[in-house]
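Below is one structure, written out as structure tokens; comments come after it.
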Amino acid sequence: MTDTTERNYVEQARRDKRAALEAQGVRPFAYGYDRSHTAAESAGAYRDEMGEAGPEVRVAGRLATFRDQGKTRFAHLEDASGRIQLYFRRDALGRQWELVELLDADDHVGVRGTLFRTRSGEVTIRVSELTLLAKALRPLPRGKRQVADDGAEQVFGGLQDPELRYRQRYADLAVHPEVRAVFQLRARVVRFIRRFLDERGFLEVETPVLQSLYGGASARPFHTHHNALDIPLFLRIADELYLKRLLVGGMERVYEIGHDFRNEGIDRTHNPEFTMLEWYMAYADYHAVAAMIEELLVGLVRELFGGTQLVRHDERGRPVALDFTPPFPRLRFVEGIRDHGGPDVLSATDDEMRAALRRAGVPGDVAASCGGGKLIDEVFKAYLEPHLVQPTFVLDYPKALSPLAKAHRDDPRLTERFELFVLGRELANAFSELNDPDDQRARFEDQVRQRAAGDEEAQHYDADYIRALEYGMPPAGGIGVGIDRLVMLLADQPSIRDVILFPAMRPES
RNA sequence: GCGCCGCUAGCUCAAUUGGCAGAGCAAGUGACUCUUAAUCACUAGGUUGUAGGUUCGAUUCCUACGCGGCGCACCA
């Protein structure tokens, strides 16, 4: 990594120009610029009948290209809206030509000038006044892009190293409009979700990130400490238990979009902090929640892409045609595994399930190292999950896997729970919420026993939550949706790092 | 935590069996008043991730470490 205090010859040249500017009395870092048009608006403001006498515009942005051609120069100014070409002529700029000669690619400038169309056909600003807004003392790692006649773009060089792209996201964003587009899409997704829930009477709330007792999921937490209270605290691993307390308090429909923190490995689908949407609705069961997430997802796909058919890439980079036309197929967990050649997880012994895992090619040590609920989960992953490519609901999970879900009304061995899968990845997890305090107490006690037996991810006994349930929580349905994974799907990005602006990294050196 | 791969100029990449560390772009100087990967000429730019080792000689081989990518494990 480059030491920021050591200057290479490229940066030295820019610092020399800065010094020359200051010697001329030019501020290298201005305070603002009054622009009349964005780059895109400027291009749209020109009509061919205007000829050489197009309207005057003032635009501000970064010099994305800069071509020295003696007594003229061409540049492209890039702002958030796009690019527009600039044309500098020495005879038109007079004394300001000295300033032009001290510009570099990547500088922020404001220009005033009139629009015209060049002989080669590009709408361009003939610059009459130039203002330096911010000198770029370090060159951006730009590639050169060639735009073919058909609009196809080829980039030469540029910022490729994934380590630099994630560490210096500012540079990645500055040189890659397509990366900016991913995060614009992400914002549209979140905006759509908020609007969807707000329109249906949901209240957006914020619950504690710092918790003295964490719960609502199976995961290891981050630890911290409050100095004034002198107590240990944990960063939340889920919002669930606080949001359901709000149902007790009479808030019938609530949601929260925020970060959860899980102290676990980092890979293509896991970042230690990630964005979770959870919503809870009183007087609804998991079927109602399924109908709603289906409506949300279909609405989102239609809003963003104008239809329900999408081509996306699986983890091996192969294109897959996805059909979001509702209703999505609904499979039952136990039957689904059986129908794909797996064992009946309700009646099979642990040994039978281990044998089934071996048949499916799962390494023996994996199968041997777990039992009970985890073993069932392994069987699910081996036999059913690989088939869940199209949007699919999997319903009615065994009770051992779901300590916060209500028992199934028709089969006490199951819970009223579903997960939504797309492209083999879990996007959402929901249930008819367990609101019987005595049943919840028994489930917590079971979790405590598993923790005592060495399961670090088993949940804690949350006495305050039981007390809340004892006051009476209305029947309710609730769901958790991983926003990062949803954006990965919609933006067709292969890694969660590509949808998180600053993904977790080890510190540099 | 384990395995594989990578780390060379500001960026993207070369370097034969272990034998003078190179190119394109970017940069500097010069030419050029409609260019757009501008073009042309010249110039400069390196502790080859870090620390050791083997060797007459290491970008290359060995060991350790650092950072990253991918896979595995963990993790709904």
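None of these values were measured; they are calculated from a predicted model. Residue numbers start from 1 in every chain, and the chains themselves are labelled A, B, ... in the order their sequence lines are given, proteins ahead of strands.
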Nucleotide of B:U36, B:G68, B:G45 approaching A:Tyr9 most closely (side-chain heavy atoms): B:G45
Please list, pair by pair, any protein nitrogen or oxygen found under 3.5 Å from a nitrogen or oxygen in nucleotides 12-14 of chain B.
residue: B:U12; atom: OP1; partner: A:Gln160; partner atom: N; Å: 3.2
residue: B:U12; atom: OP1; partner: A:Asp161; partner atom: N; Å: 3.0

Separation of atom CD in A:Glu11 from atom P in B:A9, rounded to whole Å: 14 Å
Strand-adjacent residues in residues 481-495 of chain A, judged by heavy atoms under 4.0 Å from RNA chain B: none
RNA chain B base-pair string [pairs: Watson-Crick or G-U under 3.5 Å; |: paired with another strand]: (((((((..((((.....[..)))).(((((.......))))).....(((((..]....))))))))))))....
Below 4.0 Å: OP1/OP2 of B:G69 and any side-chain N or O of A:Arg268: no
Carboxylate-amine/guanidinium contact A:Glu456 A:Arg220, below 4.0 Å: yes
Nearest to side-chain heavy atoms of A:Phe156, which nucleotide of B:U36, B:G68, B:A37: B:A37
side-chain hydrogen bond (donor to acceptor under 3.5 Å, both in side chains) between A:Tyr87 and A:Gln85, intermediate numbers included: CA-CA 7 Å; A:Tyr87 179 43; A:Gln85 184 168 251; over 6 Å; no
Verdict with supporting geometry, A:Tyr166 and A:Asp172, side-chain hydrogen bond (donor to acceptor under 3.5 Å, both in side chains): CA-CA 8 Å; A:Tyr166 298 139; A:Asp172 186 34; over 6 Å; no
Interatomic distance at C1', B:C13 relative to B:G66, whole Å: 23 Å
Interatomic distance, A:His176 NE2 vs B:C11 C1' [rounded to whole Å]: 11 Å
Side-chain N,O (A:Arg167) to OP1/OP2 (B:G68) below 4.0 Å: yes
OP1 or OP2 of B:C11 under 4.0 Å from side-chain N/O of A:Lys144: no
Whole-Å P distance, B:U12 and B:A26: 15 Å
Nearest-Å distance once atom C1' is located in both B:G71 and B:U50: 26 Å
Mutual orientation of the aromatic rings belonging to A:Tyr214 and A:His460 [parallel < 30°, tilted 30-60°, perpendicular > 60°]: perpendicular
Sugar-phosphate, base or nothing in reach of A:Arg142, heavy atoms under 4.0 Å: nothing
Nearest-angstrom distance, C1' atom, B:A64 to B:A21: 26 Å
A:Tyr397 six-ring centre to A:Arg417 NZ/CZ under 6.0 Å and within 45° of normal: yes
Electrostatic pair A:Glu78-A:Arg83, nearest N-O below 4.0 angstrom: yes
Distance between P atoms of B:G19 and B:A37 (Å, rounded): 40 Å
So which protein nitrogen or oxygen atoms get under 3.5 Å of nucleotides 3-8 of chain B's nitrogens or oxygens?
none

Lys/Arg N to Asp/Glu carboxylate O, A:Arg15 vs A:Glu11, below 4.0 Å: no
Electrostatic pair A:Arg262:A:Glu273 at N-O distance under 4.0 angstrom: no
Earlier contact from the 5' end, RNA chain B, for A:Met505 and A:Pro403: A:Met505
Check ion pair A:Glu315-A:Arg268 (N to O, under 4.0 angstrom): no
A:Glu508 CD to B:C65 P, straight-line distance once rounded to whole Å: 21 Å
With a 3.5 Å cut-off and sequence neighbours excluded, list the donor-acceptor pairs that the side chains of residues 97-106 of chain A form with protein atoms.
residue: A:Trp97; atom: NE1; partner: A:Glu101; partner atom: OE2; Å: 3.3
residue: A:Asp104; atom: OD1; partner: A:Lys17; partner atom: NZ; Å: 2.5
residue: A:Asp104; atom: OD2; partner: A:Lys135; partner atom: NZ; Å: 2.8
residue: A:Asp106; atom: OD1; partner: A:Arg142; partner atom: NE; Å: 2.6
residue: A:Asp106; atom: OD1; partner: A:Arg142; partner atom: NH2; Å: 3.2
residue: A:Asp106; atom: OD2; partner: A:Leu140; partner atom: N; Å: 2.9

Could you write out each protein N or O paired with an N or O of nucleotides 31-33 of chain B at a distance under 3.5 Å?
residue: B:C32; atom: N3; partner: A:Gly70; partner atom: N; Å: 3.2
residue: B:C32; atom: N4; partner: A:Asp68; partner atom: OD1; Å: 3.2
residue: B:C32; atom: N4; partner: A:Gly70; partner atom: N; Å: 2.9
residue: B:U33; atom: O2; partner: A:Arg89; partner atom: NE; Å: 3.2
residue: B:U33; atom: O2; partner: A:Arg89; partner atom: NH1; Å: 3.0
residue: B:U33; atom: O2; partner: A:Arg89; partner atom: NH2; Å: 2.8
residue: B:U33; atom: N3; partner: A:Asp91; partner atom: OD2; Å: 3.2

Candidates B:U35, B:C74, B:G68 - which lies nearest the side chain of A:Arg67: B:U35
Ring-ring centroid check A:Phe333 A:Phe380, cutoff 6.0 Å: yes
Separation of the C1' atoms in B:U48 and B:C4, to the nearest angstrom: 22 Å
Candidate nucleotides B:C34, B:C74, B:A27, ranked by approach to the side chain of A:Val10 - the nearest: B:A27
A:Arg138 side-chain N/O to B:A26 phosphate OP1/OP2 under 4.0 Å: no
A:Lys381 side chain, from C-beta outward: closest of B:C75, B:G69, B:C34: B:C75
Check ion pair A:Arg318-A:Asp314 (N to O, under 4.0 angstrom): yes
Nearest-nucleotide pick for A:Glu122, side chain only, options being B:G69, B:U36, B:C75: B:U36
Minimum-distance nucleotide (side-chain atoms of A:Glu457 versus B:C75, B:G10, B:U36): B:C75
Between B:C75 (P) and A:Phe261 (CZ): distance, integer Å: 21 Å
Inter-nucleotide P distance (B:U16, B:C32), Å rounded: 44 Å
Rounded interatomic separation in angstrom, taking CD from A:Glu264 and P from B:A73: 15 Å
Salt-bridge contact A:Glu56-A:Arg112 (side-chain N to carboxylate O under 4.0 Å): yes
Sugar-phosphate, base or nothing in reach of A:Thr65, heavy atoms under 4.0 Å: nothing
Distance in angstrom units between A:Arg126 CZ and B:U35 P, rounded: 14 Å
Sugar-phosphate, base or nothing in reach of A:Arg497, heavy atoms under 4.0 Å: sugar-phosphate
Between B:G69 (P) and A:Tyr166 (OH): distance, integer Å: 7 Å
B:U43 and B:G3, which share atom name C1', separated by this distance in whole Å: 48 Å
Lys/Arg-Asp/Glu bridge criterion (N-O < 4.0 Å) met for A:Arg165, A:Asp161: no
Touch class at under 4.0 angstrom, heavy-atom based, for A:Tyr397 against every strand present: nothing
Interatomic distance, A:Glu101 CD vs B:G28 C1' [rounded to whole Å]: 14 Å
Earlier contact from the 5' end, RNA chain B, for A:Ala13 and A:Asp455: A:Ala13
